[in-house]
Amino acid sequence: MAVVASVVHLCSMGFSEKCLRRAISFEAERGYRNIFGRSRRYNNFLPSKILTLCFRTKPNFPGKMLEGVAGYEKESVLMGYNSLDDLFDNARAREKLRENIEFDVSLACKQFPSITLGYFPTVELYDGTTHCSGSREPLAPENLKGYLPSPVDANWADPNCMYGPTDTLYAEISNINSSYLLEEKFKESPMYSRSPSLETEAGNDLQLTRGESCCSSSSQTQQTAVSVAEFLDKSISCISGLTKRQLSQLENSGFYTLRKLLHHFPRSYADLQNAEVEIDDGQYLIFVGKIISSRGIRASLSFSFLEVVVACEIADIEANSECVVNEAESRRRKIYLHLKKFFRGARFTCQPFLRCLQEKHKEGDIVCVSGKVRTMRCKDHFEMREYNIDVLKDEEDSSVYAKGRPYPIYPSKKGLNPDFLRDIISRALKTLPINFDPIPKDVTQDYRLLCLSDAYIGIHQPTNLNQADLARKRLIFDEFFYLQLGKLFQMLEGLGTKIEKDGLLDRYRKPELNSTFMEEWSCMTKNFVKALPYSLTPSQLSATSEIICDLKRPVPMNRLLQGDVGCGKTVVAFLACMEVIGSGYQAAFMVPTELLAVQHYENLLHLLEKMEEVHGKPSVALLTGSTPTKQAQFIRKGLQAGDISLVIGTHSLIAEKVEFSALRIAIVDEQHRFGVVQRGRFNGKLYFNSISSKLASASSKDSQKSDIVMAPHVLAMSATPIPRTLALALYGDMSLTQITDLPPGRTPVETYIIEGNETGFEKIYQMMEEELGGGGKVYLVYPVIEQSEQLPQLRAASADLETISRRFPDYNCGLLHGKMKSDEKDEALRRFRAGETNILLSTQVIEIGVDVPDASMMVVMNAERFGIAQLHQLRGRVGRGERKSKCILSASTTTSLNRLKVLGKSSDGFYLANMDLLLRGPGDLLGKKQSGHLPEFPIARLEIDGNILQEAHLAALKVLGESHDLEKFSDLKAELSMRQPLCLLGD
Ligand SMILES: Nc1ncnc2c1ncn2[C@@H]1O[C@H](COP(=O)(O)OP(=O)(O)OP(=O)(O)O)[C@@H](O)[C@H]1O
């Protein structure tokens, strides 16, 4: 009825029947098909719009608008996913994911051939499965007795290599990884010469050149035709044909030099070849198509919108699957994307504004569009409300379109037109001298790298994704290589003789040289080891040896101790403290929470009680924000006077008032919890205090004079290989020690993923009953403390206390959360540890470091609210003793169950951290910025490019081995000084 009424109404306004019919069909095509079913929308929308149009000053406008109904034209192709999250939105992927979680990795890599997943050492966690490679005992055999649990080989981790070329968690991934395949291809090829070079001619994607007998001898002085620094640091004004306006536009956007311009890397590539796609609602897709209309429409007095319709052609999967067809015959179908932007407010409805909007998009332009699609009611019509649109070059431009090259999509830069930017970059590429490269040729050959000029061409104008991948590898290599080179160069500069310099490089090449036999440890350390109620694991022993070796050097150590949850890092840190205390110095142990500080303090006191007294025991103090003022004053005095040899505390340790007499080591536990700046302050302060204190020299009679001015050693500890930690390992000039095994007797925690509905909870309560009945202790972890009206689905710790106490009347329940006072928290944990409470309802305050070895079950409520790495940390609170433990992850949404399954499949923190990354989606693959105050890697992703980092490290050692001062490699030295701050080079 309403439709009829509208039609009558429109007829009365003088619209012809034909026009009206077209209007209706137009709306229907545009997705307003429901006008015949539900007339309200039509009733409101169509008449009001046509009414408005009738009163426009330009009477031909409505007619023009209606004409737009017909004739969607030819277009083009492409699609793919942009983020890994979107992969999982896809129904097919979801299904596969359900079948097997491994699928997501291979799928992800297929979608992103330019990703190289890093190699991580396999962490063999449980008894009897530890493989030992390159093992060496840290103890002289005769001194082993009493220290080693059994004659097992120590598993040595290369202190500076995160990634061993051992079995990889990602064997499956690397099998499909393009660069891996290419490398394999090289090896098989009779032409294999380890030096791929880019053939810039389209079509020839890769050519292997026979090595000119390893070309330049490594000892030869390096010569390149053009000095790289000279070329790359030229002003962009050298690009021909730039107008003054363009020049200032580019400079205002930060593109002063060719280097800046060439380092503006594409964030992704549109692959014009790939037309296979099934479109699901909610997917993030990229299409290439032709704009067939662009309209700014005033819908009411205060509401307008822009609608750009892009027609695309995609492979018709349904039709093609019915009969087997070859590529040429495969059927195509047209789809129409309606890109919409809405504007509310009267000022957005004026004609000039709308005209300006619609003119931004020209009909006939070939564009690349990306965004989330929403199916419209009309078949083959899709809506995109948040989208990116890039105008591609002319359809006729053969290099881009017809030949199907990957089309680079650049991140926006201060509103510069992407087309303009693409054009300028391509002009800059034309100025590149052939074969120019500051890195010696034998290095590029050894690591199968493209030469620099080819890498720039390959990243900006690849002829296929393999080329882009090779180019990316080279550019990432450079980022890591100069970093490593700078770091080592600086260290060499500090040494006097050639022998010393060679010695240093050797230590980096052969990590086993970086450890100290146990008989060389101080008496205090040895006594502490004897007092332990357990034997150290091989990894703990080798980690301690490595650290002690550093402590004996006259240069400050900066080391990251990394190991999975519960592997026993704390005791290694204690041993490092004992070593410096044993030589007459002080140690500070900083942790992120008071709870942890108290725990470590009590644990240490307990261990010291059992220690044999030879020359006195270390005096230990606890200093946190809750330490009473008088007591804190007393502790500070003790530290200043040197009466206290070890202080454990929170960030109060870095307060200005705290001064040390002779601080030699600072341990920073879970260091990523502290900001980088905070940590730096800690370091700086300690340095200042250690020199300022006159007592330092007095209390260390046997110390060298140089000791007084030395900054303290820093040992950071972390259980998670998070990117920032890795970045610190690089930028903070840190070496790495890994603990790769767990104490004996541990069994993997059984993990259950249960839906948090009524039946689910009933099951969970039953399991709890069984566990408690068997003498176990249970953690219940909640995402929030109090129930919230906004998020009623979240279970809250405080609110659940009563429910749980009622449900388990025979057991005592405790509560622990961040809002409690410090002593209340300690008391809650103490009671749980002592067995006075059997169930502890807690928030994630227990996530880091809390150690109750006999806690045997954990239930995480609303587990979907936690990240995978975080859940792994939480789960690490159980299974810390010999008792078999369980962890139940209860999810309130069915969709999150799959994501959580990954925890059921692995207990390896490295693997899970990477899965976390893959499942969360890495965002911009080529242009992601590192967070925090760190220098940025423009394209390297520390999480996945670890293997390249290792290669870069070896290459830097090789180059410096040939020329300590880089005099033989003048271009390289010049380039290094451009990339690294000069002060770092000691110039
Ligand atoms: N060699 C060992 N043999 C037996 N038990 C050990 C050994 N080393 C440490 N432990 C015990 O293992 C538990 C976990 O150790 P610790 O708290 O040091 O782990 P962690 O690596 O710091 O873990 P997290 O990252 O979770 O804080 C402690 O109860 C500790 O006493």
Side-chain angles (χ1 to χ4, degrees), residues 123 125-127 130 138 146-150 152 154-155 528-544 560-577 589-593 595-608 610 648 667-673 715-722 725 737-747 749 777 779 829 832-833 844-856 858 869-883 885 887 907-910 912-913:
V123 182
L125 290 176
Y126 295 99
D127 285 347
T130 311
Y147 295 115
L148 270 181
S150 58
V152 199
N155 191 0
F528 189 78
V529 174
K530 277 187 189 157
L532 292 174
Y534 43 74
S535 308
L536 294 174
T537 65
S539 266
Q540 282 172 324
L541 262 176
S542 59
T544 314
L560 177 68
L561 174 63
Q562 207 209 2
D564 218 331
V565 279
C567 68
K569 296 180 287 293
T570 320
V571 70
V572 175
F574 283 160
L575 286 168
C577 294
F589 198 134
M590 184 164 82
V591 295
T593 62
L595 214 55
L596 206 52
V598 174
Q599 179 184 294
H600 284 346
Y601 176 68
E602 285 173 356
N603 184 8
L604 183 65
L605 288 186
H606 183 67
L607 291 172
L608 288 177
K610 296 185 187 154
I648 299 180
I667 313 271
V668 189
D669 192 4
E670 295 293 343
Q671 46 93 28
H672 64 270
R673 298 267 159 169
L715 179 67
M717 302 204 290
S718 171
T720 32
I722 56 161
T725 316
T737 296
Q738 279 178 309
I739 297 185
T740 51
D741 52 18
L742 286 181
R746 301 266 175 95
T747 46
V749 178
K777 290 181 188 169
Y779 288 110
L829 199 59
F832 186 60
R833 198 172 273 134
Q844 68 249 48
V845 283
I846 58 155
E847 180 191 337
I848 25 167
V850 167
D851 185 41
V852 182
D854 56 348
S856 53
M858 171 175 281
Q870 199 180 9
L871 286 171
H872 175 61
Q873 278 283 331
L874 276 170
R875 181 174 60 179
R877 300 308 114 209
V878 292
R880 294 171 84 87
E882 295 193 1
R883 198 183 160 93
S885 304
C887 175
S907 27
D908 177 350
F910 280 93
L912 291 172

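No hydrogens, no waters, no symmetry mates; every other heavy atom, side chains included, goes into these values. One-based numbering, in listed order, for ligands and for the atoms of each.
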Met717 near ligand 1 by a heavy-atom separation under 4.0 Å:
no
Of the backbone atoms (N, CA, C, O) and the side-chain heavy atoms from C-beta on, which set of Asp851 has a member under 4.0 Å from an atom of ligand 1: side chain, backbone, both, or neither?
side chain
Using atom types as modelled and distance alone, determine if a side-chain donor or acceptor of Ser885 lies under 3.5 Å from a backbone N or O of Arg883.
yes
Of all the atoms in ligand 1, which lie at a distance below 4.0 Å from a heavy atom belonging to Thr537?
1 (N)
Do Lys569 side-chain atoms and Leu561 backbone N/O form a donor-acceptor pair below 3.5 Å?
no
Below 4.0 Å from any atom of ligand 1, is there a heavy atom belonging to Gly876?
no
Looking only at heavy atoms of Ser535, does any of them come nearer than 4.0 Å to an atom of ligand 1?
yes
Between the main-chain N or O of Tyr779 and the side-chain N or O of Arg877, is there a donor-acceptor pair closer than 3.5 Å?
no
Does ligand 1 have any atom that is closer than 4.0 Å to a heavy atom of His600?
no
Quick one: does Gln540's side chain have a donor or acceptor within less than 3.5 Å of a partner on Val571's backbone?
no
Ligand 1 contact on Arg746 by region, counting heavy-atom pairs under 4.0 Å
side chain
Pull out every atom of ligand 1 sitting under 4.0 Å from any heavy atom of Thr570, numbered as shown with elements.
16 (P), 17 (O), 18 (O), 22 (O)
Heavy-atom pairs closer than 4.0 Å: do any link ligand 1 to the side chain of Gln540, the backbone, both, or neither?
side chain
Using the side-chain contact (heavy atoms from CB on, under 4.5 Å) criterion, which residues pair with Val598? Sequence neighbours excluded.
Glu602, Leu622, Asp826
I'd like to check whether Val565 has a polar contact with ligand 1, where a contact means an N/O of the residue lying under 3.5 Å from an N/O of the ligand.
no
Which residues satisfy the side-chain hydrogen bond (donor to acceptor under 3.5 Å, both in side chains) test with Asp854, sequence neighbours excluded?
Lys777
According to the interplanar angle, ranging from 0 to 90°, do the rings of Phe589 and His600 count as parallel (below 30°), tilted (30 to 60°) or perpendicular (above 60°)?
tilted
Do the side chain of Arg880 and the main chain of Val852 share a donor and acceptor less than 3.5 angstrom apart?
no
For ligand 1, which atoms, with element, lie under 4.0 Å from some heavy atom of Pro853?
29 (O)
